[in-house]
Amino acid sequence: MVEWTQEERVIIKEIFSKLNYEDVGPKSLCRILVVYPWTQRYFAHFGNLYNPEMILANPKIANHGVVVFRGLEMAVQNMDNIKNTYADLSKLHSEKLHVDPDNFQLLADCITIVIATKMRSAFTPEKQATWYKFLSVVVSALSKQYF
Amino acid sequence: MSLNAKDKSNVKAIFAKAEPRAEEIGVEVLSSRYSRHCISFICLFILLLLFRLFTVYPQTKSYFSHWKDFTAGSAEVRKHGLTVMQGVLRAVDMMDNLNTSLLSLSELHAFKLRVDPANFKIISHNILLVLAMLFPDDFTPDVHVSVDKFLAQVNLALSVKYR
């Protein structure tokens with residue numbers, strides 16, 4: 001059972017309240033597809049992923065970026081029960097999408113980098129520590145239904 | 001995963017950028033090799049990187065049990081941060097020959113410091129993060145992948161003498 005302090009809850013909600021999903025969603029996906037190009041295997045059906053400009057212009061990527069962040073929002077709204085909240089999503093990623101769970105950490109790292117470009121010096125070490133804890137719980141929950 | 005010409009040029013360009021924040025940092029020029037702006041960039045980087053490492057990944061402090069002060073203003077943190085950054089900048093200069101040029105550093109980390117190489121990945125991620133914070137418009141996905149590849153090569157070169 002993950003314990004969150006009041007301060008940690010405030011930090012996570014505050015970071016999310018400032019995010020524009022239409023902006024950070026596609027940027028995070030673009031970053032993982034460029035920095036770790038083997039992840040493109042999961043998006044072969046999205047069409048043109050040839051270079052960063054084309055990835056960012058791809059409407060399926062834009063849409064899916066928002067989907068990812070709406071998924072993260074579910075965890076923000078259920079911080080005391082992320083494991084159960086993500087049970088179905090975890091099964092989906094395992095049984096239907098067949099995503100190697102190592103990729104969850106790669107996407108988490110890319111999301112963190114994009115948020116750092118937005119928040120800059122406001123992304124203090126204390127906020128980073130809380131953010132890191134939150135994403136670790138998310139990654140763990142998403143990996144739970146893999147057998 | 002080797003560095004191509006574009007990767008090398010991306011890495012050199014991003015590390016050469018300087019932040020004109022000397023007033024906030026106020027550190028003496030330690031070496032004539034670096035301009036004042038470059039030193040202030042290094043110091044800003046140090047403050048952002050090393051203190052961040054100790055806060056977010058407290059297990060990294062286990063290698064510095066002999067230090068008294070892990071706060072941002074600590075002389076020990078600043079001095080060691082400068083050492084680390086000078087090492088990284090040296091690696092940028094010697095990008096074409098990392099295994100040879102980092103050999104003595106690899107021996108130091110392997111035989112004397114005995115740092116678990118898993119920590120190289122942690123520090124690499126945080127170098128990327130600090131670059132993203134300092135240069136959000138320049139740290140594009142293309143530059144990100146180049147620097148990530150470069151840092152992976154540095155980590156490999158540092159690990160060469162481990163076993």
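In what follows, every chain begins at residue 1, and chains take the letters A, B, ... in the order their sequences are listed. When reading the values below, keep in mind they use all heavy atoms of this one structure, side chains included, and skip hydrogens, waters and symmetry mates.
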* Quick one: which of B:Leu131, B:Leu128, B:Asp148 gives a side-chain contact (heavy atoms from CB on, under 4.5 Å) with A:Ile113? ->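 One option only clears the test, and that one is B:Leu128.
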* Counting a contact as any heavy-atom pair under 4.5 Å apart, which residues of residues 2-33 of chain A contact chain B? ->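 Hits under 4.5 Å: A:Cys30, A:Arg31.
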* Any residue of residues 126-145 of chain A which, by heavy atoms, sits under 4.5 Å from chain B ->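 So the qualifying residues are A:Glu126, A:Gln128, A:Ala129, A:Tyr132.
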Is chain A contacted by the side chain of [X], its backbone, both, or neither, given a heavy-atom distance below 4.5 Å?
X: B:Phe54; value: neither
X: B:Asp142; value: both
X: B:Thr140; value: backbone

May I ask whether [X] and [Y] are part of the same hydrophobic cluster, defined by side-chain heavy atoms of I, L, V, M, F, W, Y residues being less than 4.5 angstrom apart, directly or through others?
X: A:Leu92; Y: A:Phe69; value: yes
X: B:Phe64; Y: B:Val77; value: yes
X: B:Phe139; Y: A:Leu56; value: no
X: B:Tyr63; Y: B:Phe70; value: yes
X: A:Met74; Y: A:Met79; value: yes

* Pairing residues for B:Asp96 by the salt bridge (charged side-chain N to carboxylate O under 4.0 Å, His left out) criterion, not counting sequence neighbours ->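 Result, salt bridge (charged side-chain N to carboxylate O under 4.0 Å, His left out) vs B:Asp96: B:Lys8.
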* List the atom of A:Ser121, the atom of B:Met133, and the distance in Å for their closest heavy-atom pair. =>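 Distance-wise, the nearest heavy atoms are CA-CE, 3.9 Å.
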* Asked: What is the distance from atom OG1 of A:Thr117 to atom CG of B:Leu129, rounded to the nearest 0.5 Å?
  ->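 These two atoms lie 9.5 Å from each other.
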* **More than 12 heavy atoms from other groups under 6.0 Å of CG on B:Asn4** =>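 Counting neighbours around CG of B:Asn4, more than 12 heavy atoms of other residues, nucleotides or ligands fall under 6.0 Å, so yes.
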* To do: Might you confirm whether atom NZ of B:Lys149 has over 12 heavy atoms from other residues, nucleotides or ligands at distances under 6.0 Å?
  =>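 Counting neighbours around NZ of B:Lys149, more than 12 heavy atoms of other residues, nucleotides or ligands fall under 6.0 Å, so yes.
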* **Residues of residues 99-123 of chain B contacting chain A, heavy-atom criterion under 4.5 Å, by residue number** =>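 From residues 99-123 of chain B, none sit under 4.5 Å of chain A.
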